[in-house]
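The block underneath contains the structure these notes are about, expressed in structure tokens.
Numbers here are sequence positions counted from 1.
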Amino acid sequence: MRPLRTAALAALTLLLSGCSVAGAGGSDGSGSSGFSGDGKIHLVVGYQSKTINTVTAGTLLRSLGYLEKRLGDRYTVEWQDHDTGAPITAKMVAGKIDIGSMGDYPLLINASRTQQTPSARTELVSITGYNLRGALNMVVVAKDSPARTLADLKGRKISASVGSAGHGTLVQALEKAGIDPATGVETVNQQPPVGASALESGGVQGYAQFVAWPGLLVFQDKARLLYDGAALDVPTFHGVVLRQAYAKEHPEVVDAFLKAQLDATRYLHEHPLQAALTVAGQTGLPPEVVYLYNGPNGISTFDATLKPRLRAAHEHDVPYLRRIGDGFSGVDVTTFVNDTYLRRAYGPAYETDLASTVNPAAITGTDPVCDVPVKDPATASELWLSGQDTTRPAATPTCLLRQIAGAGTAKVRAAYVPDTATGTRWFADRAVWVRDPDGGRNAEFLPFTTEDGARAYRDAHPGTEAVTYDDALKTVLRASR
């Protein structure tokens with residue numbers, strides 16, 4: 001238990017050391033928000049460029065310039081990029097960041113560090129994106145790892161950012177698998193890039209992280225997905241948190257920020273491919289990985305409303321965060337969440353959108369090969385061919401395979417399919433496939449994100465069989481001749 005608690009204590013100590021964080025000062029050198037040296041009202045925004053579930057309050061919002069346009073010349077905005085939520089919280093405690101975005105577990109730590117100090121108190125004011133089943137967090141292993149289920153990592157080293165959303169999922173998943181998170185594995189506290197290198201070098205045997213790191217490693221062919229967070233069926237999300245003192249002093253800035261976030265969310269829904277290309281250009285992430293999460297029917301659902309199911313999930317997370325280690329005693333989530341600002345910025349549509357959990361960005365159109373409408377998100381798939389500035393919809397994963405098989409010499413840039421059981425969008429050539437001979441012409445082949453998920457489906461459906469991606473393509477190609 002000592003390595004885990006020591007790592008957690010170190011992470012939480014960092015949160016308390018905001019005054020000594022290097023580079024925490026504002027752009028005017030004052031190190032504080034409010035008014036800058038040129039007389040303009042100063043806003044400092046902390047974000048995580050590579051955590052692409054926050055792009056509507058970070059990377060995409062910044063690149064589009066919507067916030068600056070809404071604020072005008074009387075204001076100056078400073079953007080600060082970080083790998084995780086911990087340093088953003090540290091700077092908020094010290095008054096160095098006014099608005100930040102981070103995942104559900106870091107948000108709880110943020111609240112615990114600030115709720116007892118009126119001058120530092122923060123509030124959760126909007127959501128950036130969410131996944132109702134928890135698929136934003138995953139555990140991957142090296143490609144040649146013998147591990148086939150999470151239980152196979154018992155006694156091994158797993159890299160995670162302690163206190164992060166990815167770590168929270170790992171703790172819950174281990175308990176569900178009958179493994180004590182404190183004694184059954186050794187959790188190595190590492191930033192996402194460091195942990196990725198450790199996995200590649202063999203320094204750790206597992207890697208538990210948040211969007212978009214697992215998808216990135218799998219896309220780069222450096223890892224294999226072992227555990228899909230959707231198996232937990234517990235919502236996970238990222239949100240926007242602000243310093244209450246700053247909001248009281250500058251409510252017009254908060255209103256402009258939230259309206260700009262809604263503008264960016266609308267842009268993402270209306271221009272998903274261009275948004276992915278923009279985020280990729282800003283972060284260095286492959287566009288195909290960004291689009292996996294942020295595209296239509298993506299792993300992330302972008303909706304700013306503070307939904308009851310997400311609030312309930314936050315309450316559910318509190319006891320798990322307590323178990324991570326010393327330093328977190330709990331938090332009153334009900335007083336931390338405040339949707340007053342968002343309701344004002346959102347307008348009359350808020351209640352309707354608050355009640356809806358339908359992804360506003362859906363794959364639609366007509367399948368060009370199966371010649372049927374694409375309308376069921378549980379099966380809708382998507383093909384992105386090289387050299388094309390648009391994607392092609394597919395009604396089902398089998399229809400997608402038929403499109404790929406019939407593409408001839410055209411190179412597939414990326415192909416996306418939903419997991420048959422959880423709906424998690426995944427790369428078709430990295431999915432685990434099952435053949436159902438009784439599935440019919442358009443539903444013969446079924447994809448899954450993990451071997452564990454595919455095995456469970458085969459056990460429950462006698463007559464189905466495991467099949468490789470390449471063999472599935474060959475089968476549909478022969479059938480089309």
Side-chain angles (χ1 to χ4, degrees), residues 6-27 29-33 42-55 57-59 61-62 77-115 117 119-124 128 137 159-168 187-197 208-213 238-243 245-246 282-285 321 324-325 327-328 331 336:
T6 301
L9 183 59
L12 295 173
T13 300
L14 173 63
L15 297 178
L16 293 171
S17 62
C19 294
S20 63
V21 175
S27 58
S30 68
S32 63
S33 58
H42 190 209
L43 170 67
V44 184
V45 180
Y47 73 111
Q48 304 170 61
S49 63
K50 288 185 172 60
T51 305
I52 55 177
N53 192 42
T54 65
V55 294
T59 307
L61 176 59
R62 180 181 184 179
V77 181
E78 178 185 349
W79 298 84
Q80 294 187 5
D81 187 10
H82 296 279
D83 285 336
T84 64
I88 296 175
T89 289
K91 291 184 181 182
M92 294 188 84
V93 170
K96 307 293 187 179
I97 286 179
D98 305 306
I99 297 177
S101 54
M102 59 191 72
D104 41 18
Y105 277 71
L107 283 167
L108 290 173
I109 294 176
N110 184 290
S112 72
R113 298 272 69 80
T114 66
Q115 281 195 328
T117 307
S119 61
R121 191 179 182 92
T122 60
E123 296 175 311
L124 174 61
T128 54
N137 309 310
S159 174
S161 299
V162 171
S164 71
H167 185 211
T187 301
V188 183
N189 185 23
Q190 295 173 323
Q191 293 291 298
V194 176
S197 297
Q209 280 296 353
F210 47 83
V211 53
W213 292 96
H238 290 70
V240 174
V241 64
L242 58 79
R243 292 196 304 111
Y246 185 91
Q282 295 289 317
T283 62
L285 290 168
L321 188 53
I324 287 176
F328 179 83
V331 65
F336 178 53

Residues in side-chain hydrogen bond (donor to acceptor under 3.5 Å, both in side chains) with [X], at least two apart?
{"X": "Thr59", "answer": "none"}
{"X": "Asp104", "answer": "Thr236"}
{"X": "Ser161", "answer": "Gln209"}

Where do [X] and [Y] come nearest, in terms of heavy atoms and distance?
{"X": "Ile99", "Y": "Leu242", "value": "CG1-CB, 3.9 Å"}
{"X": "Lys50", "Y": "Thr283", "value": "NZ-O, 3.1 Å"}
{"X": "Asp98", "Y": "Arg243", "value": "OD1-NH2, 2.8 Å"}

Considering residues at least two apart in sequence or located in another chain, which fulfil the side-chain contact (heavy atoms from CB on, under 4.5 Å) criterion with [X]?
{"X": "Ser159", "answer": "Gln190, Val204, Tyr207"}
{"X": "Ala208", "answer": "Val139, Ile158, Ala160, Leu170"}
{"X": "Thr117", "answer": "Ser119, Ala120"}

Are [X] and [Y] packed together at the side-chain level, in the sense that at least one heavy-atom pair is separated by less than 4.5 angstrom?
{"X": "Met102", "Y": "His238", "value": "no"}
{"X": "Thr89", "Y": "Pro106", "value": "no"}
{"X": "Leu107", "Y": "Val241", "value": "yes"}
{"X": "Val45", "Y": "Val77", "value": "yes"}
{"X": "His42", "Y": "Val44", "value": "yes"}
{"X": "Leu124", "Y": "Val240", "value": "no"}
{"X": "His82", "Y": "Tyr47", "value": "no"}
{"X": "Phe210", "Y": "Ser164", "value": "yes"}

